[in-house]
Structure formats: C-alpha cells, structure tokens
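Written out below as structure tokens is the structure these notes cover.
Letters A, B, ... are given to chains in the order of the sequence lines, protein chains preceding strands, and every chain is numbered from 1. All heavy atoms count here, side chains included; hydrogens, waters and symmetry mates do not.
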There are 2 protein chains.
Amino acid sequence: MSAHPAESEALLTPSEVASLFRVDPKTVTRWAKAGKLTSIRTLGGHRRYREAEVRELLDGIPRQRATTA
Amino acid sequence: MSAHPAESEALLTPSEVASLFRVDPKTVTRWAKAGKLTSIRTLGGHRRYREAEVRELLDGIPRQRATTA
DNA sequence: ATCCACTAGGGTAATTGGGGAA
DNA sequence: AATGTCCCAATTACCCTAGTGG
C-alpha cells in the first residue's frame, strides 16, 4: 500500500495538548468551548486540535520580550 | 469523454482516513459499521472510503463559532 | 509462488465528553 | 473568572490471530 501524504495537517489529542500546557485535559476542553482554541471533532464527538496552532500558542507570541541585554 | 475516472471517486484506505482524523484505524472501521461513513468493500472484504466525503467531514460542517468577545 | 505491511474480527483497558459541585 | 476533581456513559486505543493487498 502506498504511503500517500494525504495529510493536510497534524492533529493532537486532548491529553497531548494538556501535557504540553501542563494542565488538565478538561481545561483544554474549556478552552475549545470558549473558542480560544480551534477544535476538530471525530465522528464520535471527541476533539482534536491543530498542532500548528498549539505550538504557536506555546512558543508564544511574545508580548514582552526579555531583551537580550 | 474523458478516459480518466472521476476524481471524486478517489478512495482512501482505513489507515489514511485514520491519520487524517488522528484516530486508530479500528475506529474508522467502527464509524463505517455505524453508518457514519460510507464504505466500499474490496472483493477480499477490506474497506475503502471516499476521499471527498472524508474531506468534507474534516473541513466540517461548521458547528462551532468563535465568539468574537 | 514468496514476502510483508495492512486489515478484519473480537475482547479488554484507557481516554473523552458532559454536567455539576468544591 | 479560571482550574482541578468526582461521577457516569460513550468513544477510542491496544491486545491478539488469520486473511487480504500489491
């Protein structure tokens, strides 16, 4: 079988996102409900999150830069 | 007429669909059994899925609106 | 014909969603 | 306002063996 790169983008599970942020998975769910985080749903209703978006939030949009003095 | 089959007839394997949704291939099988996803069977009993349908489910039917609070 | 990754099954753990309360 | 925890029901993940796909 071919290894078709049919992937448009990588997705993360709730627990994975929670681990990255060091929070409870339920908290990630609340972020999704609040629209703070984009969520894709499986056909069973479980949420998946865009890895690119998560990493961007983690790397952070540095609002305040510790200037390398 | 074109000698090429319609592009919308493109089929995906269970593992490909699973990768797109970030779930286990067996989960895709359950979706097919539950009638949540159209499945075509090979002569040997393996399932194939319509790419167009999968992409539509992924892009998804916007069910969530980000409240621009 | 062989080779081997993938899939169909079935059964059992682990995760998730949802509401509600501290 | 924002988290973490408890409960329960549903969904999903991992285990195996045998058969299919190319």
Problem - Side-chain donor/acceptor of A/R48 to backbone N/O of B/R22, under 3.5 Å - result: yes
Give the nucleotide from the list [options] with an atom nearest to the side chain of [X].
| X | options | answer |
| --- | --- | --- |
| B/K26 | C/dG9, D/dA2, C/dG18 | C/dG9 |
| B/P14 | C/dT16, C/dT7, D/dC14 | C/dT7 |
| A/K33 | D/dC14, C/dG18, C/dT7 | C/dG18 |
| A/R41 | C/dG18, C/dA8, D/dT11 | C/dG18 |
| B/P25 | D/dG4, C/dT16, C/dT7 | C/dT7 |
| B/R30 | D/dG19, D/dC14, C/dG18 | D/dC14 |
| B/T13 | C/dT16, C/dG10, C/dT7 | C/dT7 |

Exercise for the section: Establish, with yes or no, whether the OP1 or OP2 oxygen of C/dT7 is under 4.0 angstrom from a side-chain nitrogen or oxygen of B/S15. Expected result: yes
Exercise for the section: For C/dA8, take OP1 and OP2 only and decide whether either is under 4.0 Å from a side-chain N or O of B/T29. Expected result: yes
Exercise for the section: Looking at every strand, decide which applies to B/R47 at a 4.0 Å heavy-atom threshold: base, sugar-phosphate, or nothing. Expected result: sugar-phosphate
Completion exercise
In terms of heavy-atom contacts, B/A18 and B/D24 come closest through CB-C, 3.8 Å
Handout entry: Nearest-nucleotide 5' precedence on DNA chain D, A/H46 against A/D24
Key = A/D24
Exercise for the section: Take B/G44 and A/L43, find for each the nucleotide of DNA chain D with the closest heavy atom, and name the residue whose nucleotide sits nearer the 5' end. Expected result: A/L43
Completion exercise
Taken to the nearest 0.5 Å, the spacing of A/T42 OG1 from B/F21 CZ works out to 8.0 Å
